[in-house]
Every structure is written in C-alpha cells, then in structure tokens.
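Every number for a ligand or one of its atoms is a count from 1 in the order of the listing. Excluded from the calculations below are hydrogen atoms, water molecules and symmetry mates; all remaining heavy atoms, backbone and side chain alike, are included. Keep in mind that what you see is a predicted model, and the values were worked out from it rather than measured.
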Amino acid sequence: MKDLISLCKRRGLIFQGSEIYGGLANTWDYGPIGVELKKNIKDHWWKSFVQDRADIYGLDSAILLNPRVWEASGHVGCFNDYMMDCRKCKGRFRADKLIEESMIAADQAAEVGGWSKEQMEGYIAEQGLKCPECGAQDFTELRQFNLMFQTHQGVVADSTTAIYLRPETAQGIFLNFRNIMNTLRPRLPFGVGQIGKAFRNEITPGNFIFRTREFEQMEMEYFCAPEESLQHYDAWRRFCMDWLADIGLKAENLRMRDHSEDELSHYSKATSDIEYKFPFGWGELWGIAHRGDYDLTQHQTFSGQDMHYQDPQSNQKFVPHVIEPSLGVDRLLLAVLADAYDEEEVNGETRSVLRLHPRIAPIKVAVLPLSKKLNDKGLAVYQQLQKHLVCDFDTTQSIGKRYRRQDEIGTPLCVTIDFETLEDGAVTIRERDSMAQTRVSLSELLHALQAKLAI
Ligand code: ATP
C-alpha cells in the first residue's frame, strides 16, 4: 500500500488534500492522471448501467435535500455507528470494525451488522479487546454517533434551517420516482442510475481512499414487481460481478458475501457485498441490496404523495420493490490500482507498472520522439492521434525513463519516433505489459493502435 500511495503522488494520480496547509486528515485530491482514471471508471459504469440499457434512465439530483427526506429514509434515527474511546491514548474507534477485525484474526465469520450495543459490549469484555493504538484494555462505554454531516441553509443558523449533506445518492432517485413515471412513462421493471458525491462523518476514516468522509457513489435503483424482485436481485448480483471482471479485476481478489439474517437492515429481504482483497485485507467494495418497498413507502407516508405503480395489463396497483447495486467510485479506483500494480525485474532494475485495462487507462498512447530534432515530427503524429485517443506527448529525459513513467501510470502503448521515421515513414509501437516492439507505417498507425487497445 505504501508503494502504491507513493506512486500515486509521484505520478500525479492522487495528492493529499490541502497539502500546503499541512493537509486535512483523510482528504485526497485527484491530480491530472488520477482524474482521467476516475472519469474513465465513471464513464464505463454510466455506459454499462445507463446508456447501454433501454430500461435504465440517468439522473443528477441535488446534494442538499429537504431535511424530511432523511427522517423518512431512517437516516436521522438509524444512520448511527457505535464508537468508543480508549481512556489511555484517547484513540477513537468504531466498535463494529474493532470486533470484526478481532473475529477475522480468530478466523470467525465477521458479521456484526445487526448487533445491539449490549452484544458488542459483551464481546469486547469477554474477548478482552485491546486498543489497537496503545494496547490498553480501558475503553469508554459505547456511544451512538450519527454519520450525517449537518449544515445550515441561509444566513441564520437555527434548528429550522438545519440541513444535511447527503450520505448516499439513492434518496435523490426515490424523490424523482414520480417525476420519471409521469414524464417518461416507463413500464416495470426499470432503473434509475446516478453518480455523485456523498458525505459521511466517519468515525475511523482511513486506508487511503478506502474510507473517506467525502466520496463518490455510483448507484442504481431498479424498480420491479414484488414477485419478480428476487429474480432481479440474483441477476444484478451476477451482472455486477461480471462487470468487475470485465474492467480487469482478478477473480481471486473478489468474493461475494451474503448478509446473514442478523445483519440485514429491517426492511431488506437480502443483501450481498462484493468484497475485494485490498492490500490491508478483504473489504466491502459493492453493496447489492434488495430494499423491498421500504423507501417508496416511507416517502409516500412522509410526503403524502402516491408512490403506487399501476400495471397496464392487470390494472393491479402496488408500490414497486427495489434492487440497489451501490458502488463507491473511490473504493473501486483503489481496487483497480491495487489489482493493476506490479513490480518486476528488468535488466537488473525494478520496473513498477500499472497493468490497467486499456479501457480505463488514463492515457492510451504516449508519443515519444527519440531526439529533440524529431520533436516536430513527433508533435505532428501526436496531434493526429490525439483526435481519436487520449495521448501524451513526452520529450524530456531518456527514452528508458519515459517508458518507466508511462508504465507507472498504466499507459498501454508508446509510439517512438526515430531518425528512420523521416526516411521510411514508420514508427515503433512498444507494449506496456510485454515490452514487445513492432514497426508500423504511419499510414496504418491509428488502426494498429486501435486494434491493440481493443476498446
Ligand atoms: P462500510 O461498511 O464500509 O462503512 P457501508 O455498508 O456503510 O460501508 P453502503 O452504505 O452500502 O456502505 O455504501 C455503498 C458503497 O459506497 C460501499 O460499498 C462503498 O463502495 C461506498 N462507500 C461507503 N462509505 C464510504 C466511505 N466512507 N468512503 C468511501 N466509499 C464509501
């Protein structure tokens, strides 16, 4: 993980947030290379979950919502974690995470989701859990902590103006269910997808971009008839797993974990997490939940607006059930980086390389003239290719250093321009993974690159 974080900084993928002021803990900025990678991941999700699907619509709803939304959704009452402090070192911890870590260490199934305060306190006392920071066995009582960020709208900061930064993008979709029904008149089953920022005042953020207080989510709510919902739930679980394999994540680093009855939210019929084997251990990457008719029914009750769907064939009226695949952009980006990161010996030197799938690689092709005298020719090639593929034009330092730089940001192909190019009109394509080189004429270059990238 240390090597990955240092590569991210060195190569302009991810910087510490507010760095010149000494940073702000657990905030990160995506640099010029990171932002391209992030955009490619989001674009690919959007294409697969919205554009390629006749049954799914896109949405971009507001971050600030009427505060009643969060009462209806249960976030004001239930979006709490239990925290405890170490009396000795003053470290603060999330009780469920500490217990899960201890269970994983003891090779037990770590499922703490539905545990009560008493159950957690019982486990901590029985197992004699120690503070992970200082080793003391002296924790305060467990206290509930609401994860929503509260702020105020308008100039007067009183309780009537209190609003929240959304802790998930999903509620904006439920709020627009009627708008979409009334304007586009879709038939069930149909889905609505959205990508956007979410905020959670996490007690223990950390592990680089795995858990932060400000992050992005890609969520889709799939509305369906109650009797078909379990079938759709199964289909979405499979679809999501296949999608991760399709962007290049290795099968051995992925697993599906079904929540036990204890762990399920009171309204959920079934939930699975796709977990990824991060450098620090297995962690949730993608939650796929069967939310029943909970959200729409709650909004119907709180807003007084009708959330029923009338089946055009049977004329039956019912509140649709919902399947929700919910994925964190930043968490996926970390999984993608960890999965792609590789080190190998080449001619007695260590080469770091990001073996990213060409579809999500930030830069597809780097154009590298071998000498300053070839820069004009190189620039002309770059300008031609840039119209079709995201390219880089790099003229500084030795060719070996330039290859390493491109390897480290996962550029699948480099094109080198040499003195022979001026005579035979041909260039060399060098492949990131195999480092194999092939000579191609300029007239066929774009075609050859596109064929190699296969995107
Ligand atoms: P966790 O148990 O890790 O706190 P969660 O079960 O609360 O996660 P969900 O509410 O299901 O997470 O959110 C859906 C997805 O959003 C997660 O699978 C994850 O990819 C992402 N996500 C949630 N919280 C964070 C966070 N603090 N930082 C980054 N991504 C997050």
Exercise for the section: Return the set of residues passing side-chain contact (heavy atoms from CB on, under 4.5 Å) with L188 (not counting sequence neighbours), or none when no residue passes. Expected result: F190, F223, Y309, F318, P320

Handout entry: Heavy atom of the protein closest to atom 28 (N) of ligand 1 (residue, atom name, distance)
Key = T212 N, 3.1 Å

Problem - Min N/O separation G328 to ligand 1 under 3.5 Å - result: yes

Handout entry: Full working for side-chain contact (heavy atoms from CB on, under 4.5 Å) between M256 and R237
Key = CA-CA 9 Å; M256 181 78 78; R237 285 167 83 242; 3.4 Å; yes

Fill in the blank from the handout: From the list R11, R430, R355, salt bridge (charged side-chain N to carboxylate O under 4.0 Å, His left out) partner of D407 resolves to R430

Practice task
For R200 and P167, indicate whether the former's side chain and the latter's backbone hold a donor-acceptor pair under 3.5 Å.
Solution key: yes

Practice task
Using a 4.0 Å heavy-atom cut-off, say whether M218 meets ligand 1 through its side chain, its backbone, both or neither.
Solution key: neither

Handout entry: Protein contact of atom 22 (N) of ligand 1 - nearest heavy atom, named by residue and atom, plus distance
Key = F215 CE1, 3.6 Å

Completion exercise
Numbered in order shown, the ligand 1 atoms found under 4.0 Å of a heavy atom of F210 are 28 (N), 29 (C), 30 (N)

Handout entry: Side chain, backbone, both or neither: the part of R211 lying under 4.0 Å from ligand 1 by heavy atom
Key = both

Practice task
Starting from atom 18 (O) of ligand 1, locate the nearest protein heavy atom and write down its residue, its atom name and how far away it is, to 0.1 Å.
Solution key: E284 OE2, 2.7 Å

Handout entry: Proximity to ligand 1 by part of D330, non-hydrogen separation under 4.0 Å
Key = neither

Practice task
Consider ligand 1: state whether an atom of it lies below 4.0 angstrom from any non-hydrogen atom of E214.
Solution key: no

Completion exercise
S326 heavy atoms within 4.0 Å reach ligand 1 at atoms 13 (O), 14 (C), 15 (C), 18 (O)

Completion exercise
Of R331, E168, E324, R200, the residue with the heavy atom nearest atom 10 (O) of ligand 1 is R200

Fill in the blank from the handout: Numbered in order shown, the ligand 1 atoms found under 4.0 Å of a heavy atom of L285 are 18 (O), 19 (C), 20 (O)

Handout entry: Atoms of ligand 1 close to E202 [distance to a heavy atom under 4.0 angstrom, numbered from 1]
Key = 24 (N), 26 (C), 27 (N)

Problem - Residue from W282, Y276, F280, W28 passing ring pair (Phe, Tyr, Trp, His ring centres under 6.0 Å) with F210 - result: F280

Fill in the blank from the handout: Taking only non-hydrogen atoms of G287 and a 4.0 Å limit, the atoms of ligand 1 in range are 18 (O)

Exercise for the section: Let me see the working for W243 and W236 under ring pair (Phe, Tyr, Trp, His ring centres under 6.0 Å), right down to the final yes or no. Expected result: CA-CA 10 Å; W243 190 83; W236 280 112; over 10 Å; no

Practice task
For the pair E219 (side chain) and A170 (backbone), establish whether a donor and an acceptor sit closer than 3.5 Å, ignoring hydrogens and angles.
Solution key: yes

Exercise for the section: Please confirm whether R53 makes a cation-pi placement over F239, using NZ or CZ under 6.0 Å from the six-membered ring centre and within 45° of the ring normal. Expected result: yes

Exercise for the section: Answer yes or no: is there a donor N or O on one side and an acceptor on the other, between the side chain of T411 and the main chain of L413, under 3.5 Å? Expected result: no

Exercise for the section: Let me see the working for S61 and Q194 under side chain to side chain donor-acceptor pair (under 3.5 Å), right down to the final yes or no. Expected result: CA-CA 8 Å; S61 69; Q194 149 150 268; 3.0 Å; yes

Exercise for the section: Mark up the atoms of ligand 1 that fall under 4.0 Å of a heavy atom belonging to K97, in ascending order. Expected result: 2 (O)

Completion exercise
Quick look: Q217 vs ligand 1, heavy-atom contacts under 4.0 Å, and the answer is side chain

Practice task
Apply salt bridge (Lys or Arg N to Asp or Glu O under 4.0 Å) to E284 and list each qualifying residue two or more places apart in sequence or on a separate chain.
Solution key: none

Problem - L327, any N or O under 3.5 Å of ligand 1 N or O - result: no

